[in-house]
Amino acid sequence: MNSWVNSAEILGSDLPLELYGTGNRRALLMDALREAVRSGRLAPGTRLPPYRSLAADLGLARNTVADAYAELVAEGWLAARQGSGTRVAERAVPVTPVHRPRTPERAARPVHDLVQGQPDPSVFPRTAWLASARRALAAAPDDAFGPGDPHGRPELRRALAGYLARVRGVRAAPERIVLCSGAAHGLRLLAEVVGGPWAVEEYGLPFHRALLASHGVGTRPLGVDADGARVDGLTRRDRAVLLTPAHQFPTGGPLHPGRRAAVVDWARATGGLVVEDDYDGEFRYDRQPVGAVQGLDPEHVVLLGSVSKSLSPTLRIGWMVLPQRLVGPVVTAKGEREQFSSATEQLTLADFVGSGAYDRQVRRMRQRHRRRRDQLVAALERRAPHIRVTGIAAGLHAVLELPPGTERSAVRAAAWQGLAVEGLADYLHPGSEGAGQADAPRDGLVVGYATPAESAYPEALEALCRALPPG
């Protein structure tokens, strides 16, 4: 006896699929499945028919149904596991508003997550990663299973050197790349080696400023405007400057070409160091990719990167592309053995990059994030046309500019809507207002559009719009 739902339960009513072409049939079937999940007709965990059975029931080609299933798995509506068939994803929830009493308990437990910084974990490329892991382990030399080299596996450093040169315009031999467990780990090592003080962008991650402070490195803010950081505020006293040139975090926009040249000139004249946090350099939507500042002067710029946005933060793999003079001191600070990143995962990533799977994953994520970005913009145009959205040409988040004095109330309103989102003020350097060149603090929301599951995203946007101040 079959244990899966039938076609009537999926479609809800007769759908004349035979009247449409193959592509439209697939789209109609996908819409019907989405609606069945939204309405609660198909509950999370419900097992769907094998695609051959459903194709026979509906009079469709097998490939049409198989493609529809595959796309809905990629979107997060369905989940497929070897041996257990295709089921409605456990995280799939109805996107129609559910009216419940607004209690403090409900407000304290966010239903939707629009906090910036993380991709949807359901889109991790499990199959391709597993294939790379198998190949990497089969080809791994014996020394890969001994004490690790603090430089990192040479296979991955070679793969990254080629990839970064091709995609980001980075100029580096593998010998200049030191692997780490992520950007934060790289900053810790640089703080220990370089010392302080550092200049930082007035808007940035508080975690990074706290990390530098914990290593005795003080920071002072540089103002930020539409052209990025105001690097003309750098002085000879600054030992380093931490920048996000490709996409200023979190306000958006690349560093102006004139300022890119100016910060390199400052480093050459003073012996200072430019630390380039390339946190989302691959994700560009409405403009051509901006090459890394490191390509202008590899001897005065450190490029920091990781796979936390493109793959997953759980992999704990990052890299530093260093000036030659810093390689030895950074490796010494790291320790005699690799303690932070698994050699087998490094080998797997080397294969993943070398096989082209990483490029394919980045392209897939770029398309997905752009679609999410477009949905956000469309929702705002429809529900809150008075709200200006910025920083949307790249990255995994956008900034919603709010009327002065409304940011805190908007964050509180979002919490009542069951929505986790952050205010722009959360990222402002505490010394900015007295820094001389920083503008008055702006009101805004930093909205991450990458994290929610596909099925939950429309309701997350509705909750966001309900929380915004009226026009």
Side-chain angles (χ1 to χ4, degrees), residues 70-71 73-76 116-133 135-136 155-170 172 177 179 182-183 244-247 249 252 254 276-295 303-321 341 345-375 391-398 448-454:
E71 289 189 44
V73 168
E75 290 180 4
Q116 64 76 34
Q118 295 186 23
D120 179 358
S122 71
V123 297
F124 183 82
R126 293 173 174 86
T127 301
W129 185 260
L130 180 60
S132 284
R135 288 192 298 266
E155 297 89 345
L156 180 53
R157 290 187 285 121
R158 287 194 294 268
L160 287 172
Y163 174 81
L164 294 172
R166 173 170 55 86
V167 175
R168 303 293 298 122
V170 169
I177 297 177
L179 301 181
T244 51
H247 184 223
F249 181 85
E276 179 176 13
D277 183 359
D278 199 40
Y279 69 101
D280 66 355
E282 294 108 335
F283 297 115
R284 297 291 169 271
Y285 312 126
D286 300 325
R287 57 174 168 79
Q288 291 298 314
V290 179
V293 172
Q294 190 271 356
L303 183 125
L304 288 177
S306 77
V307 296
S308 65
K309 304 294 188 297
S310 55
L311 288 174
S312 169
T314 63
L315 290 179
R316 310 308 305 152
I317 298 178
W319 51 84
M320 294 174 281
V321 184
S341 182
E345 288 191 344
Q346 291 182 33
L347 291 170
T348 299
L349 181 57
D351 181 274
F352 199 74
V353 172
S355 68
Y358 189 71
D359 288 89
R360 290 190 291 274
Q361 174 68 4
V362 168
R363 286 195 296 271
R364 177 189 176 199
M365 297 302 290
R366 189 183 295 130
Q367 293 168 357
R368 188 176 191 273
H369 296 332
R370 179 171 185 162
R371 185 172 68 250
R372 291 289 190 90
R373 188 272 319 256
D374 291 347
Q375 287 177 265
I392 59 174
L396 282 69
H397 73 274
Y449 47 76
T451 302
E454 200 78 18

Grab the two heavy atoms, one from [X] and one from [Y], that are nearest each other, plus how far apart they are.
X      : Y      : answer
Leu396 : Lys309 : CD2-CD, 4.2 Å
Arg373 : Ile392 : NH1-O, 2.5 Å
Arg157 : Ile177 : CD-O, 2.9 Å
Ser306 : Ala183 : CB-N, 4.5 Å
Ile317 : Gln346 : CD1-N, 4.0 Å
Val362 : Phe283 : O-CE2, 3.9 Å

May I ask you to test the [X]-[Y] pair for a side-chain heavy-atom distance under 4.5 Å?
X      : Y      : result
Tyr163 : Val170 : no
Gln294 : Leu164 : no
Tyr358 : Val167 : no
Leu160 : Leu179 : yes
Leu315 : Leu349 : no
Pro125 : Leu311 : yes

Nearest 0.5 Å, please: how far is CE in Met365 from CD in Gln367?
11.0 Å

With rounding to the nearest 0.5 Å, note down the distance linking CD in Glu155 to OG1 in Thr348.
11.0 Å

Judged by atom type as modelled, is there a donor-acceptor pair below 3.5 Å linking the side chain of His247 to the main-chain atoms of Gly391?
yes

Can you check whether Ala292's main-chain N or O pairs, donor with acceptor, with Glu276's side chain at less than 3.5 Å?
no

side-chain contact (heavy atoms from CB on, under 4.5 Å) involving Arg360 - partner list, sequence neighbours excluded:
Ala357, Arg363

Does Arg316 come within less than 4.0 Å of Glu345, counting only side-chain N to carboxylate O?
no

Does the side chain of Tyr279 pick up a donor-acceptor pair with the side chain of Thr244 at under 3.5 Å?
no

The single option from Arg372, Arg371, Gln116 passing side-chain contact (heavy atoms from CB on, under 4.5 Å) against Tyr449
Arg372

With side-chain contact (heavy atoms from CB on, under 4.5 Å) as the criterion, how do Arg168 and Val321 come out once you've worked through the C-alpha distance, each side chain's angles and the decisive distance to 0.1 Å?
CA-CA 12 Å; Arg168 303 293 298 122; Val321 184; over 6 Å; no

Decide side-chain contact (heavy atoms from CB on, under 4.5 Å) for Asp120 and Arg368; before the verdict, give the C-alpha distance in whole Å, the side-chain angles of both, and the deciding distance to 0.1 Å.
CA-CA 10 Å; Asp120 179 358; Arg368 188 176 191 273; 2.9 Å; yes

